[in-house]
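Structure record follows, encoded as structure tokens.
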Amino acid sequence: MHPEAPTAVATSEPGTSPPRCFDLTRRPWIPVLRLDGSEAELSLTEVFEQAETVRRLVGDVPTQDFVLLRLLLAILHDVIDGPQEVEDWAELWDDGLPLAELRTYLDTHRERFDLLHPRTPFLQVADLHTSKGEYSALDRIVADVPNGSRFFTMRAHGARRLDFAEAARWVVHAHAYDPSGIKSGAEGDPRVKGGKGYPQGVGWAGQLGGVYAEGDNLRETLLLNLISFDTNNLETGGKSAPGGQGSGHDRPAWAHPPCTSAPMEGARAASRPHGLRDLYTWQSRRLRLHHDDQGAYGVLLSYGDPLTPRNMQTREPMSTWRRSPAQEKKLREATVYLPRDHDPARAAWRGLGALVTGEVRGREQRQEAADQVIPRVLEWISRLTVDRYLPRGYLIRARLAGAVYGTQQSVIDEIIDDSVTLPVDLFHPDNRELARAAVGAVSDAEDAVTALGDLATGLAQAAGTDGEGPRATARDRGFGDLDAAFRQWLRGLTPPPPRARATPGMTPRFRRSGVAPGSSPLGGSSPVSGTSSSSPRARPPGKGASSTPGAARSGSTPPAPTCVSAEHCAQPCP
């Protein structure tokens, strides 16, 4: 989370002579968490070979997981030039990854995966330079360097040096999430004025509310996000894309000619990205690492090829999209869709409607169009469910990843990482009532916590104190109490759908966790004390909180829960 620091001038580069290569296909650089709980770094070849024993990717920051997954997907799409049809995907699901073909492919493109290649360094421009031979500190591409107060960080002194493995990860991340702001002006870029590159916007993934599906291991995760090219409403770039959408030119960055400092222009820029492979490896920046034989110590970073997110919902499958009446009016266009940003203050389950049904709480008040666009990757999960490639009751984790930018998008303020486990039954068209009931339960939870906050405000005002602090405290506690219970309840949802929005087992929990008489909505020992206990979300059992959802807090005796919708429940109250 670095500011756009002034460019440093280098008159000579430190260290000894640079090493000959750092081959990403054979050298370990991708951090993973194994099923046994151990962590490791793997090469590109190894990460595919060992995918069944890997739980998930674990980069330096959660957004790194997102971009590394997209890199692996681009490789896999290109290796098989598909899957062209869902039947081709099913073969991979049953038989496993095509490891022999993957090894051959990586050997073929080995030169382009060399981080330090003298002519074609991985995702870099070999001759990138400024008129004065300047370069910057590595803080420019390392997203977890703190902006401002340097507390609770391993990078209090910035990123002075990086080993080649970590440098490679930040190169990939910079293309996707690099902030905007004034950057170095590279020679040969016609946009440079006075030796500076002026703002062109954040990297492509930084504009998205990133969403992807996680399985039980990395092999499943790769395949769950490997969308077949015959998918409707998505320009995959494959030969079998519906409606003649397949261009046949979709290739990842390493299969295109190396970039120069200048951006794409004219018809070439207008026609790209050609498909998923092109999009997943889009180079929104031009950069070049400065290094010696021990690692990287500097970087030259400038603007590359910008992408506008307007109406890109038919190309980008890993984001939720919202219709923008304001942009429609401004641009005088009939329909404008923009990515729906993640709210760092909201847990993933509270945005369930945008993931499952396209319904968003409060859209009527905002006069927002009802037809939200859920992530195409989750529509793909729906298709796999309908075609019975995924069994009933199969669980996926919808994982959210994103960045929140500040100060005119020139710094990363927050990084978002959350997930919610869902049964694939929620995505089946025959279970729309079940999905609506789940979304309705989220709305009920919001209403319950809002009422709790209103009560806290009223009590505080009656005592002659300001109500905003108690309201916020009560809401935090309310959502904290509900969080684990709601996530567990979602995991167990199965057809047939409940008869009403007061879904089985949840209404009593709202009564007990949120608005039960006998517990202080102000969170303290006295409604007017101004003190509050910490949220029970992080409190382990035996430390003053019960492991049972909605159990009594220390020092209080809640009455027996009263179910307000007992006539709709399919199971008895606890």
Side-chain angles (χ1 to χ4, degrees), residues 7 21-25 44 67-68 70-71 74-75 77-78 108-131 133-136 140-141 167-180 183-192 195-207 237 247 249-291 296 298-308 315:
T7 302
C21 73
F22 190 82
D23 182 359
L24 300 177
T25 70
L44 282 172
V67 297
L68 290 174
R70 286 162 71 96
L71 176 75
I75 293 173
H77 275 302
D78 212 37
T108 301
H109 294 278
R110 184 180 175 188
E111 190 172 88
R112 294 296 297 270
F113 284 105
D114 181 357
L115 185 70
L116 310 178
H117 195 279
R119 295 183 305 277
T120 58
F122 179 65
L123 297 183
Q124 300 168 72
V125 179
D127 61 351
L128 193 70
H129 64 280
T130 67
S131 60
E134 301 160 318
Y135 66 89
S136 301
R140 283 290 188 98
I141 62 171
R169 299 194 292 270
W170 288 120
V171 165
V172 180
H173 189 270
H175 283 291
Y177 283 102
D178 185 57
S180 188
K183 300 191 183 297
S184 302
E187 285 284 282
D189 185 349
R191 300 168 296 185
V192 171
K196 297 179 179 179
Y198 287 90
Q200 299 286 323
V202 303
W204 172 245
Q207 304 179 70
S247 65
H249 300 298
D250 180 38
R251 291 293 181 267
W254 49 86
H256 286 284
C259 290
T260 66
S261 59
M264 287 186 293
E265 295 179 337
R268 181 165 169 252
S271 64
R272 293 182 64 183
H274 293 308
L276 297 179
R277 289 168 277 190
D278 201 6
L279 182 66
Y280 289 167
T281 58
W282 190 256
Q283 297 182 76
S284 64
R285 297 293 183 264
R286 301 289 187 263
L287 59 86
R288 174 191 166 206
L289 291 173
H290 286 250
H291 61 87
V299 64
L300 176 57
L301 177 68
S302 61
Y303 283 107
D305 301 311
L307 273 182
T308 176
R315 295 191 176 194

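For the pair S261 (side chain) and E187 (backbone), a donor-acceptor distance under 3.5 Å is present. Counting only distance, with no hydrogens or angles, the side chain of R191 and the backbone of Y303 share a donor-acceptor pair below 3.5 Å. Between the side chain of R288 and the backbone N or O of L128 there is at least one donor-acceptor pair closer than 3.5 Å. Between the side chain of Q124 and the backbone N or O of L289 there is at least one donor-acceptor pair closer than 3.5 Å. A donor-acceptor pair under 3.5 Å is formed between the side chain of D250 and the backbone N or O of G275.
Under a 4.0 Å N-O distance rule, the pair R286/D305 qualifies as a salt bridge. Between K183 and D178, at least one side-chain N (NZ, or NE/NH1/NH2) sits under 4.0 Å from a carboxylate O, which counts as a salt bridge.
Minimum heavy-atom separation, A126 to P118: CB-O, 3.4 Å.
Between P263 and P190, some side-chain heavy-atom pair lies under the 4.5 Å cut-off.
The ring-ring contact (aromatic ring centres under 6.0 Å, His included) test applied to H175 returns no partner, not counting sequence neighbours. Residues meeting the salt bridge (charged side-chain N to carboxylate O under 4.0 Å, His left out) test with D114, sequence neighbours left out: none.
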- Does the side-chain contact (heavy atoms from CB on, under 4.5 Å) test come out yes or no for Q207 and V202, once each step is laid out? CA-CA 7 Å; Q207 304 179 70; V202 303; 3.5 Å; yes
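Between H77 and Y280, the angle of the ring planes lies from 30° to 60°, which puts this pair in the tilted group.
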